[in-house]
Amino acid sequence: MGTPTKTRNIGIFAHIDAGKTTVTERILFYTGRTHRMGDVDHGTAVMDWMPQERERGITIVSAATTCDWKGTRINIIDTPGHVDFTAEVERSLRVLDGGVGVFCAVGGVEPQTETVWRQAQKYSVPALAFVNKLDRQGADFHRVLQMMKDILGETPLPVMLPVGQGSDFKGVIDVLEQKALYFDMESLGTKFDIEEIPEELQDEAADALEKIKETVAELEDGAMERYFAGELENEEIITLLRKGTIEGAFIPVLCGAALRNVGVQRLLDAIVDWLPAPEELPSVTGIKPNGKEETRERSNSEPFTALVFKIQTDTHLGRLAYLRVYSGTAKDGQSVFNNRTGKKERLTRLVMMHADKRIHLDGISEGDIAAAGMKNAATGDTLTELGKPLTLETIHFVDPVMEMAIEPASASDEKKLEDVLNDMISEDPSLKVGVDRETGQTLIRGMGELHLEIVVDRMKREKKLDVRTGRPQVSYRESVSSVGRGEDTFERLIGGKGNFGNACIEVRPCDTGIVFSSKTDNLSNQFLDAVKSGIMGSVSAGVLAGYPLDGVEIVLVRAKVHETDSTELGYSSSAAIALRKAIQSASPVIREPVMKVDIVTPVDYMGDVIGDVNARRGTVVSIENRGEAQAILANIPLAELFGYTGALRSLSQGRAGYTMQFSDYVQVPPNIQRKLLEKMGITF
């Protein structure tokens, strides 16, 4: 079991290709966890252990590992940067105490960086920043700092500065020590020389130190007095840097080039010095079965409380649940209470993970991240000591935006496909399964083409299931464009007993999701729940083309009550029919997912790329310099982005690239809606 004061639970996150996994590989090497450096480009990265990750050179699943630095245990989760796997980032951030944001010195704050940073802010995760790839052509450390201010709204505080940039990059300056560090390439960066700061950078380094002193002194009155008196010592500065980082007052910024083994040891020092130990963070609050809140201190003396943040099927140990322990202790084989299922379950085969390898544990305690064999646990479940129930806030995931028909190559494998899909959904909450209303085919829904491609690839490789798939399709939604009202009365004799229900429903557009409320006060909670059940059971299929409803506010305006025959069946049935009538009278529309697309292109091809964006019904939001290239940020409907990789290569002779992420669902233009419905043989 770990000692919380000597434990750090951190995540490493960033935009795709900023160098997260390389940073993690260097951390494992310098802490002695591995004896050779893994390499993403050569497919030897320890943390990218899946065959699909090694082939593509990207991280797909968040991998957990543990290492030690200066007597402190660091539990690390290396998260994916590709937008299709944003659910992996979301669930990792939910259980972490601190984060390291890796920024490319050329790209700066890129769209996925911004998305992940917002997720980290949502969970109040204290963070450090590491500006990587300072040896790349077009690297600009100070531009990255400015982008952190402008785009992320953060206060970056450089504690390291580069000595040269791009091809002139030589080393880094430790601002607090006012020394330059030059790393020895032959020793793979394990040795470095400490020298005086080059003359031309001395003023910049002195100004940076003054900025640190001034910023941290604002955290305490006494420190401000000592700062003005010139008596603020380095030891107090380090303590105040820790306090400010944990409180989110600023982001300490370090720098280097992980691939060239520069600057990673100083990043490890910063993780230990400035990111919080588990017990330094606020207590956890959950809901008891009676609906009341309860707070538990992050202490081993409190009842055992843990959150399941990931399910993974391990080839040796079977189904594993990854846990973050917030309070208390538990032993291997101990029974705990699952607050979602209301049943007890044993923690069997308790292990600490190192990517896809494992170390057996006798027990776990507050602050630990571990995995245990559990049959019925799911992502977001709270596990507690028997007799001490408490439900922590679960983890919420974005809805899928793309779908694809799937069937087994052999009809005899129907049941196997169902079982495999159930396994994969439990592992990946952003994967959904549905049925096409028209054809009856099974549909898998995911976050993008790559996500669905990986799912199918894993079925074939890991599950030994051969499947046939249709072309990926956009996952549309249905909504309303005006206010509409519908009413229905259900009266039926069933088994000699009368069943009655009546509901008048009003619908109107809203930003996102389904929002239900009631204005009537003459229904009991039992019948009001039946109305809600009827409505929620109907929102999976709209009136135009059967797409799920989204962006609809639904209000129960009134309901009639029968003296003797009112039943739950009556109210759920009448509410469902009244809802359809209301939607039909509210000018129903189809909504489509729009993606935020970040295109990086040489300036020579700007005109062609922008012209192509416009031809795809896209809107250019901004254009900025990114090193020697131009970055075009645009909003483009997902339906227009199939095959975009090849098209962009053709436009730019293979020199442009792009990343995209989901932005919003918006109403489809009337002419596009008409074509969609005609294609489905629907006239409306």
Side-chain angles (χ1 to χ4, degrees), residues 287-293 340 342 391 393-394 396 399 432 434-435 437 476-591 665 667 673 677 682 684:
I287 306 295
K288 294 169 69 174
N290 62 9
K292 291 184 178 175
E293 282 192 353
R340 176 182 59 86
T391 302
E393 183 189 353
T394 188
H396 302 287
D399 286 337
K432 307 282 188 214
V435 176
R437 277 206 322 168
Y476 291 99
R477 300 282 188 271
E478 290 187 30
S479 187
V480 294
S481 58
S482 64
V483 178
R485 188 173 279 206
E487 184 169 1
D488 185 73
T489 301
F490 182 92
E491 287 183 285
R492 197 169 296 173
L493 206 63
I494 300 174
K497 185 182 181 309
N499 284 267
F500 175 88
N502 167 273
C504 178
I505 301 283
E506 188 172 275
V507 296
R508 61 173 58 88
C510 68
D511 288 339
T512 185
I514 303 295
V515 181
F516 173 74
S517 61
S518 172
K519 284 185 178 174
T520 180
D521 56 4
N522 65 333
L523 278 189
S524 66
N525 287 339
Q526 176 189 3
F527 293 145
L528 188 59
D529 286 345
V531 168
K532 188 173 180 181
S533 171
I535 286 168
M536 291 308 175
S538 302
V539 297
S540 59
V543 300
L544 283 176
Y547 295 122
L549 290 179
D550 179 55
V552 183
E553 184 181 344
I554 303 169
V555 182
L556 175 63
V557 179
R558 62 174 182 271
K560 293 175 186 171
V561 179
H562 193 284
E563 285 182 17
T564 57
D565 292 352
S566 289
T567 61
E568 290 176 47
L569 172 65
Y571 284 105
S572 65
S573 301
S574 62
I577 296 166
L579 175 63
R580 291 190 74 77
K581 288 179 179 177
I583 290 168
Q584 282 166 341
S585 71
S587 308
V589 292
I590 293 176
R591 300 175 99 196
Y665 267 95
Q667 187 175 327
Q673 178 168 312
L677 294 175
I682 299 168
F684 201 88

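Throughout, residue positions are numbered sequentially from 1 according to the sequence presented.
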Side-chain donor or acceptor of Ser482 paired with backbone N/O of Ala586 under 3.5 Å: yes
Side-chain donor/acceptor of Gln526 to backbone N/O of Glu568, under 3.5 Å: no
Expected output: side-chain Ser587 to main-chain Ser481 donor-acceptor under 3.5 Å: no
Residue pairs fulfilling salt bridge (charged side-chain N to carboxylate O under 4.0 Å, His left out) with at least one residue in residues 517-534, sequence neighbours excluded: none
Reported OG-to-CD distance for the pair Ser517 and Glu553, which is rounded to 0.5 angstrom: 5.5 Å
Donor-acceptor pair, side chain of Ser479 and main chain of Asp550, under 3.5 angstrom: yes
4.5 Å side-chain heavy-atom contact, Ile494 and Thr567: no
Minimum heavy-atom distance Ala578-Ala503, with the two atoms named: CB-O, 3.5 Å
Pairwise side-chain contact, Asn499 with Phe490, heavy-atom cut-off 4.5 Å (strictly under): yes
Flag, side chain of Glu478 to backbone of Gly546, donor-acceptor distance under 3.5 Å: yes
Pairwise side-chain contact, Phe516 with Val531, heavy-atom cut-off 4.5 Å (strictly under): yes
Reference residue Ile505; test side chain to side chain contact (heavy atoms under 4.5 Å, CB included); the match among Val557, Ile583, Ile535: Ile535
Ile514 side, atom CD1; Ile554 side, atom CD1 - distance, nearest 0.5 Å: 5.0 Å
Trace of the side-chain hydrogen bond (donor to acceptor under 3.5 Å, both in side chains) decision for Ser566 with Tyr571: CA-CA 8 Å; Ser566 289; Tyr571 284 105; 3.2 Å; yes
Short side-chain to backbone donor-acceptor contact, Asn502 and Phe500, under 3.5 Å: no
Value rounded to 0.5 Å, distance of CG in Leu549 from CZ in Arg591: 10.5 Å
Partners meeting salt bridge (Lys or Arg N to Asp or Glu O under 4.0 Å) with Arg492 (sequence neighbours left out): none
Spacing of CG belonging to Leu528 relative to OG belonging to Ser533, to within rounding of 0.5 Å: 11.5 Å
Minimal non-hydrogen separation, Thr520 against Leu556, with atom names: CG2-CD2, 3.5 Å
Lys292 atom NZ, neighbour heavy-atom count above 12 within 6.0 Å: no
Over all atoms of both residues, closest heavy-atom pair of Gln673 and Ile590: OE1-N, 2.9 Å
Heavy-atom pair of closest approach, residues Ala576 and Gly534: CB-O, 3.7 Å
From CG (Leu579) to CE (Met536), nearest 0.5 Å: 9.5 Å
CG (Asn522) with more than 12 external heavy atoms under 6.0 Å: yes
From CA spacing to verdict: side chain to side chain contact (heavy atoms under 4.5 Å, CB included), Asp488, Arg580: CA-CA 10 Å; Asp488 185 73; Arg580 291 190 74 77; over 6 Å; no
Closest heavy-atom pair and its distance - Glu487, Lys581: O-NZ, 3.0 Å
Tyr547 and Tyr476 aromatic ring geometry - parallel, tilted or perpendicular at 30°/60° bounds: tilted
Distance in Å, Ile287 CD1 paired with Glu393 CD, rounded so as to fall on 0.5 Å steps: 10.0 Å
Shortest non-hydrogen separation from Val515 to Cys510 and the atoms involved: CG2-SG, 4.2 Å
Polar side-chain atom of Ser573 near backbone of Gly570 as donor-acceptor pair, under 3.5 Å: no
